[in-house]
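Notes to accompany the following structure.
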Protein chains: 2
Amino acid sequence: MNITDFLSTIVPFTDDELKDIVSHFKKETVLKNQTLVRQGEVCKTLYFVEKGMGRSYYLNENGKEITQWFFGVGKFMSSVDSFFQQTPSLYYLEVLEDATLYCMSKSDIDQLFAKYHKMETMGRLVTTEMLTKMVNKLNAIQFQTARERYDYMLAEFPDIAYRVPLGHIASYLGMTQETLSRIRKG
Amino acid sequence: MNITDFLSTIVPFTDDELKDIVSHFKKETVLKNQTLVRQGEVCKTLYFVEKGMGRSYYLNENGKEITQWFFGVGKFMSSVDSFFQQTPSLYYLEVLEDATLYCMSKSDIDQLFAKYHKMETMGRLVTTEMLTKMVNKLNAIQFQTARERYDYMLAEFPDIAYRVPLGHIASYLGMTQETLSRIRKG
DNA sequence: GAATTCCTTTGACATAGGTCAAATAGTGAG
DNA sequence: CTCACTATTTGACCTATGTCAAAGGAATTC
């Protein structure tokens, strides 16, 4: 999924606007298992995933990694509130497969927000979509059995569910690896 | 919490802008237990809570009410995705105490989004804040014991926790009324 | 202010999913 | 190809929280 195409699907930018906006993204190739942001650091970059995939996670009180979200192709990836509020990130951000990312700094995006009303609209729409997805996850987690939660995972991340370690998915869904393993069996 | 003051705290509107924006809100008084939106209806109005409080909830497969969110003084209240996408609401919206609300229609808010770049910025910031709060709830629900979840509730809605029926809070926190009752004891 | 309805507490018991430990299967480096 | 390491599966057992049922308390209505 190309960044230019993606932007066009959200808001009807003109060609000139698109060219300007896209020129502020820097293309980067990142290898598997690379960490983009650490817990406690301020997240300086917004990433758009053209190829590959990533996840955000944090360490709980026992030092266990808890996956917070998966970011697939055609999505923005970031430690959202750290990036937008420039506060220390609660999450690690890592790449799970060799990836091609388009990167933009906070100051560049702020400039674009200020310059283009439509850019601000896009920001709002993307945030609203994320909010909706978060509500979906919440409802799945809050009231469904372990099996139903796994079904939610398959529906929300069909492309990702079979490409990442079991334990990442289990912690994302709020269950143990053992439970998820048993579910996949039956 | 006055709507004019609230808007000023988020984005530095000029006095003229503020006057224009606020003029599109219609003040309404709503009595306790009144339903503002039903599941399946399209939510036509965004509400700002000046006084009182409300909640959103849905009916699960057994017909039980599940509280999805509480809206206190100084917050926007709506069935967010129904309102912004004009799709059937997944939630009921009801007022839990006699309330004073400022109401705005979708078309009015869209006009203001189009007219004022700053209004769009406000939309994005409010949505981001809601997203952050949703993530907090998710983390509480996903990995904490029933007791810890109740502590989260007290922290997030200190003003609300003692003013609504136990069952509303229990379903919000993803536990039974009986469990919450036992927690409040010990 | 009695009646009705709704809300909260309490008790006994059931169970989904967690914990701990060990066995097995995959995977990447040399 | 083999070793070393990591990820997954399996089993036995445990516990937090759910379910069901009934009894108290509060609050609203007439």
Side-chain angles (χ1 to χ4, degrees), chain A residues 31-35 53 55 57 59-67 70 92 94-98 137-154 157 160-186, chain B residues 31-35 52-53 55 57 59-67 70 92 94-98 137-154 160-186:
Chain A
L31 295 183
K32 185 175 171 171
N33 292 328
Q34 195 164 319
T35 297
M53 115 178 87
R55 67 159 180 156
Y57 68 94
L59 301 177
N60 73 2
E61 54 294 359
N62 308 315
K64 221 190 115 198
E65 295 181 1
I66 308 292
T67 299
F70 293 104
Y92 289 83
E94 77 173 9
V95 163
L96 295 172
E97 286 181 357
D98 295 0
K137 178 181 176 184
L138 187 56
N139 289 335
I141 294 285
Q142 188 164 9
F143 295 106
Q144 304 197 292
T145 62
R147 161 162 292 285
E148 290 168 328
R149 273 178 272 164
Y150 183 58
D151 292 342
Y152 148 82
M153 171 81 199
L154 292 177
F157 300 106
I160 289 179
Y162 289 106
R163 277 156 58 197
V164 300
L166 190 87
H168 289 1
I169 298 176
S171 73
Y172 175 78
L173 294 176
M175 66 184 77
T176 61
Q177 192 166 293
E178 292 93 326
T179 297
L180 181 55
S181 174
R182 286 184 245 261
I183 284 169
R184 273 199 172 164
K185 265 300 153 61
Chain B
L31 296 181
K32 183 176 172 172
N33 291 329
Q34 196 164 319
T35 297
M53 114 178 88
R55 68 159 180 157
Y57 68 94
L59 301 177
N60 73 1
E61 55 294 357
N62 308 315
K64 222 190 113 199
E65 295 181 0
I66 308 292
T67 300
F70 293 105
Y92 289 83
E94 77 173 8
V95 163
L96 295 172
E97 286 181 357
D98 296 357
K137 177 181 176 186
L138 187 56
N139 288 336
I141 294 284
Q142 189 165 10
F143 295 106
Q144 304 197 293
T145 62
R147 160 160 293 286
E148 289 168 328
R149 273 178 271 164
Y150 183 59
D151 292 341
Y152 149 80
M153 171 81 199
L154 292 176
I160 290 181
Y162 288 105
R163 278 155 58 197
V164 302
L166 189 88
H168 289 2
I169 298 176
S171 73
Y172 175 78
L173 294 176
M175 66 183 76
T176 62
Q177 191 166 290
E178 293 93 326
T179 297
L180 181 54
S181 174
R182 286 185 244 259
I183 283 168
R184 271 198 172 164
K185 265 296 154 64

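Residue numbering restarts at 1 for every chain, and letters A, B, ... go by the order of the sequence lines.
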Output the rounded distance in Å from [atom1] ([X]) to [atom2] ([N]).
X      : N      : atom1 : atom2 : answer
B:Q177 : D:dG18 : CD    : P     : 12 Å
A:M175 : C:dT19 : CE    : C1'   : 16 Å
A:L173 : C:dG17 : CG    : C1'   : 14 Å
A:K32  : C:dA29 : NZ    : P     : 10 Å
B:I183 : C:dT8  : CD1   : C1'   : 14 Å
B:N60  : D:dT19 : CG    : C1'   : 14 Å
A:L180 : C:dT19 : CG    : P     : 15 Å
B:E178 : C:dT9  : CD    : P     : 11 Å

Worksheet, complete the sentence: Assign each of B:H168 and B:K185 the nucleotide of DNA chain C bearing its closest heavy atom; nearer the 5' end lies the nucleotide of B:H168

Practice prompt. Looking only at side-chain atoms of A:L166, point me to the closest of C:dA12, D:dT8, D:dT10.
Written response: D:dT8

Discussion item. Looking only at the side chain of B:P165 (C-beta and beyond, no hydrogens), which of the listed nucleotides C:dG17, D:dT10, C:dC7 gets closest?
Written reply: C:dC7

Worksheet item: Hey, does the side-chain of B:R182 have a donor or acceptor N/O within less than 3.5 Å of a partner on the base of D:dG18?
Response: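 Checked by distance alone, the answer is no.
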
Within-4.5 Å side-chain heavy-atom neighbours: [X] and [Y]:
X      : Y      : result
B:K137 : A:L138 : yes
B:I141 : B:Y152 : no
A:I183 : A:M175 : yes
B:T67  : B:Y92  : no

Worksheet item: Where do A:R184 and A:I169 land on the side-chain contact (heavy atoms from CB on, under 4.5 Å) test, with the steps shown first?
Response: CA-CA 12 Å; A:R184 273 199 172 164; A:I169 298 176; 3.8 Å; yes

Discussion item. Mind checking if A:R184 touches a base, just sugar-phosphate, or nothing, with heavy atoms under 4.0 Å?
Written reply: nothing

Practice prompt. Check whether any side-chain N or O of B:T179 sits under 4.0 Å from OP1 or OP2 of D:dT17, and answer yes or no.
Written response: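 No.
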
Discussion item. D:dT17, OP1 or OP2 - any side-chain N/O from B:T176 closer than 4.0 Å?
Written reply: no

Practice prompt. May I have the step-by-step check of side-chain contact (heavy atoms from CB on, under 4.5 Å) for A:N60 and B:F143, ending in yes or no?
Written response: CA-CA 9 Å; A:N60 73 2; B:F143 295 106; 5.9 Å; no

Worksheet item: Hey, what bend do you get for the helix from C:dG1-D:dC30 to C:dG30-D:dC1 if you fit axes on five pairs at each end, rounded to 10°?
Response: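 So the angle between the two local helix axes works out to 60°.
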
Discussion item. Go through it in stages, so that I can follow the logic: the residues are B:F70 and B:L96, the test is side-chain contact (heavy atoms from CB on, under 4.5 Å), and I'd like the CA-CA distance, side-chain angles, deciding distance and then a yes or no.
Written reply: CA-CA 9 Å; B:F70 293 105; B:L96 295 172; 4.2 Å; yes

Practice prompt. Decide yes or no on side-chain contact (heavy atoms from CB on, under 4.5 Å) for B:M53 and B:V164, but give the supporting numbers first.
Written response: CA-CA 10 Å; B:M53 114 178 88; B:V164 302; 3.7 Å; yes

Fill in: Rounded distance [0.5 Å steps], CG in A:L180 versus CZ in A:R149
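Here the rounded value is 10.5 Å.
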
Discussion item. Using a 3.5 Å distance criterion without hydrogens, assess whether the side chain of B:Q144 forms a donor-acceptor pair with backbone atoms of B:Y150.
Written reply: no

Worksheet entry | Interface with DNA chain D, restricted to residues 141-148 of chain A and to heavy atoms under 4.0 Å |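 Under 4.0 Å from DNA chain D: no residue of residues 141-148 of chain A.
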
